[in-house]
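Indexing begins at 1, ligand by ligand and atom by atom, following the structure's order.
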Amino acid sequence: MKKTVFIALLILTALSSCVPKEKKYFLKELTFSESITPEQKIKLSAYLIPTDQQYEWQKLELTAFIHFGINTFTGREWGDGKEDPILFNPTDFNAEQWVVSLREAGFKMIILTAKHHDGFCLWPTATTKHSIQSSPWRDGNGDIVREVKNACDKYGMKFGVYLSPWDRNAESYGDSPQYNTMFVEQLKELLTNYGEVHEVWFDGANGEGPNGKRQIYDWTRFYHVIDSLQPKAVKAIMGNDVRWVGNESGLGRETEWSVTPLNPDINETIITENKRLNINPTAKDLGSRNLIAEAKTLYWYPSEVDVSIRPGWFYHPEQDHQVKTLQQLVDIYYQSVGMNSVLLLNIPPDKRGLLHEVDVARLKELGIFLKNTFENNKINNGNIAWSAKSGDFKEFTNNSDIINTVMLQEDIKKGQRVEVFKIEGFINNEWKKLAEGTTIGYKRLLKFDDCTPSKIRVTILETRDKANILAVGAYRAPAIAANSDELNLSDLPKDKWRVKNNNPLIVDLGETVSLKGFTYKPAVEKESVFNYVFSVSEDGKLWTELKKDEFSNIKNNPIPQFVKLDNNVVAKFFRFETIIGTDGGKPSVTIDQIGILTKD
Ligand code: FUL
């Protein structure tokens, strides 16, 4: 009997929350009582809202990632932790140069890789010798974290830290309690000695493979350290405030819900629940009605789009001509900031300790583009908030200006609600559809061809509860000149190549060449090669092994891989053997995926 009364009370509490008049909001997390209907769940989900930290973070829109460390000096993407700290020696380090370029481009925060997977610490730490204290830079007395933080403070830039949980150097890694204590010490150093920190980024990567060390992280303890030392900071990726968008290519989702049953896999309950719902950060659907109907708990867990301005996360001189074009950056901006996400764009400093000239120039172009596009809202009264039931619309007059972009914002402090909307323009006395979409959230940007409507009409077609529209904007983005630099993946044409064996791939090049390296292009939607051996031969009988290595980070960032050899090698045959793939298999490779480099 008592139990029945209790359940009834629970249901009543949940249902009373469905009454909008009460304006009962749920901060960051909402657990449904059992036996409420899917419709009621949807209505409640409309009242889930971000914490202050999450809201402040979302408003930054543009955050810069800085991958800098021992890999900058070895040319690798993932160091193995055995690198000699002596290699770390930037010749012209200047954190202010980074901050000034980034600030001009519109960035509001910088996240620095204080420690990447190689375990090399960019600050003097008491936890390991594997740090800049053991490097020749500033005779071991330097502190990169301090200098970056000082530069950020000087120019009003917020500061965040990336501290890799996976550590290939720490001896204790894999001995869970001991390593967790070391990791907590590292966190404490970073979060007590450098002033305010606004984001702590925990990478999910762990490339140890099936036979590697297994570390069981104490996430609850890590979270507690952050929350108590830096209450304004958001915890990202393996943290439960900010979600990884699910790829490293700069692609947001057309339908992007910040309200989702997904949380990072940090404890058994969450892992089991994510499995039951068949969701993970790469899933296409993280917030549909069907998913919510199945969910027990929902979180405010907004997406962050991390992508590098170059193919790699670290600086490699051979990628100087592969810095993303302005068009690519602008597309990324529309697909991230314009799709209810924060853009975390990586700009890796070079061996001098400076952002490279090409990157600086590109940042400048991006800053100018964004300013030129978004500084003038062409419609009137776009900044007056309004609310809408499904089917409601609002019109805005345009002062005869050409437009090609519309911006919509929901007031996410009152939840995320809009499910379908359309935008029309009044052109030659009739309404024409300019764009349509699903979610809005914090910000939605939509592009269409240049036109000059005398007014535009925004219709909220479906919404989970009364939608709160904060702002509407219409803009003219300037045209961007086309750039057709195609990436060369092979210096040798393949018409003379003869495949001698498929797995491992053995190829007769048809001529003897002086080989300088090779390329590997991951196949689309197929398992990629992770560990490989590359060998060559002059006669197809006697083989020389040239490289036995890994394509670091290829799983999350499946871009063409360039492998340069230390010395030229004469060869008529090559053999490419997969040791293990990114999913533990042994994927075969075709000649379409391999290129041979013979030029500098
Ligand atoms: C990945 C890492 O493995 C990459 O090296 C890089 O740091 C990227 C941001 O996250 O998971």
Side-chain angles (χ1 to χ4, degrees), residues 62-81 83 107 109-122 144-145 148 160-170 173 183 186 190 199-209 212-213 215 217 234-239 242-252 264-266 280-282 303-316 319 324 332 336 341-349 359 522 528-531 549-559 561-562 582-583:
L62 287 178
T63 300
F65 223 169
I66 297 278
H67 275 66
F68 187 53
I70 205 83
N71 293 338
T72 314
F73 298 86
T74 59
R76 295 177 66 106
E77 277 290 295
W78 282 357
D80 59 15
E83 295 81 9
F107 288 83
M109 171 153 72
I110 286 180
I111 300 181
L112 171 70
T113 53
K115 178 183 87 166
H116 203 251
H117 310 328
D118 49 69
F120 184 76
C121 298
L122 293 187
I144 299 277
V145 176
V148 176
V161 287
Y162 170 118
L163 187 69
S164 170
W166 182 32
D167 188 321
R168 290 175 121 175
N169 176 269
Y173 188 84
F183 193 74
Q186 296 189 332
L190 289 170
E199 184 161 346
V200 179
W201 221 87
F202 288 150
D203 202 303
N206 182 338
E208 290 289 347
K213 292 179 180 172
Q215 169 70 26
Y217 301 109
V234 286
K235 304 177 284 295
I237 316 308
M238 288 312 288
V242 169
R243 165 169 54 90
W244 178 46
V245 72
N247 63 74
E248 296 183 359
S249 331
L251 283 175
D265 276 347
I266 53 165
N280 63 59
T282 64
S303 126
E304 182 177 62
V305 173
D306 62 322
V307 59
S308 185
I309 197 166
R310 290 163 171 258
W313 288 98
F314 285 88
Y315 176 84
H316 309 294
Q319 294 180 352
K324 291 196 167 58
I332 287 173
S336 53
S341 299
V342 165
L343 171 58
L344 176 56
L345 181 69
N346 179 65
I347 307 97
D359 307 50
S528 302
V529 176
F530 181 54
N531 284 111
D549 209 338
E550 68 184 22
F551 294 126
S552 310
N553 201 32
I554 197 168
K555 186 171 168 116
N556 284 334
N557 193 15
I559 53 169
Q561 308 286 312
F562 285 75
T582 46
D583 297 330

Visitor: Would you mind checking which non-hydrogen protein atom is closest to atom 2 (C) of ligand 1, with the distance to 0.1 Å?
Guide: Asp203 OD2, 3.2 Å
Visitor: Can you confirm, on distance only, whether ligand 1 has an N/O atom lying under 3.5 Å from any N/O atom belonging to Tyr162?
Guide: yes
Visitor: Using a strict cut-off of 4.0 Å, indicate which atoms of ligand 1 neighbour a heavy atom of Asn556.
Guide: 11 (O)
Visitor: Below 30° counts as parallel, above 60° as perpendicular, anything between as tilted: where do the rings of Tyr162 and His116 land?
Guide: parallel
Visitor: Of the protein's non-hydrogen atoms, which lies at the shortest distance from atom 4 (C) of ligand 1, and what is that distance?
Guide: Asn553 ND2, 3.5 Å
Visitor: For the residue pair Asn346 and Gly312, what are the closest heavy atoms and their distance?
Guide: ND2-O, 4.1 Å
Visitor: Test side-chain hydrogen bond (donor to acceptor under 3.5 Å, both in side chains) on Trp201 and Glu304; report intermediate values, then the result.
Guide: CA-CA 11 Å; Trp201 221 87; Glu304 182 177 62; 2.8 Å; yes
Visitor: How close do Ile70 and Glu83 get, heavy atom to heavy atom, and via which atoms?
Guide: CG1-CB, 3.7 Å
Visitor: Run down the list His117, Lys555, His67, Arg76 and name the one with the heavy atom closest to atom 6 (C) of ligand 1.
Guide: His67
Visitor: Not counting sequence neighbours, which residues clear salt bridge (charged side-chain N to carboxylate O under 4.0 Å, His left out) with Asp80? List them please.
Guide: none
Visitor: For the pair Lys555 and Asp583, evaluate salt bridge (Lys or Arg N to Asp or Glu O under 4.0 Å) and give the outcome as yes or no after the intermediate values.
Guide: CA-CA 9 Å; Lys555 186 171 168 116; Asp583 297 330; 2.6 Å; yes
Visitor: Is there any N or O on His116 that sits under 3.5 Å from an N or O of ligand 1?
Guide: yes
Visitor: Does one side chain, of Gln215 or Asn206, offer a donor that lies under 3.5 Å from an acceptor on the other?
Guide: no
Visitor: Of the side chain and backbone of Asp306, name the one, both, or neither that has a heavy atom under 4.0 Å from an atom of ligand 1.
Guide: side chain
Visitor: Report yes or no: does a heavy atom of Phe65 sit under 4.0 Å from some atom of ligand 1?
Guide: yes
Visitor: I need the atoms of ligand 1 closer than 4.0 Å to a non-hydrogen atom of Glu248, numbered in the order shown.
Guide: 1 (C), 8 (C), 10 (O), 11 (O)
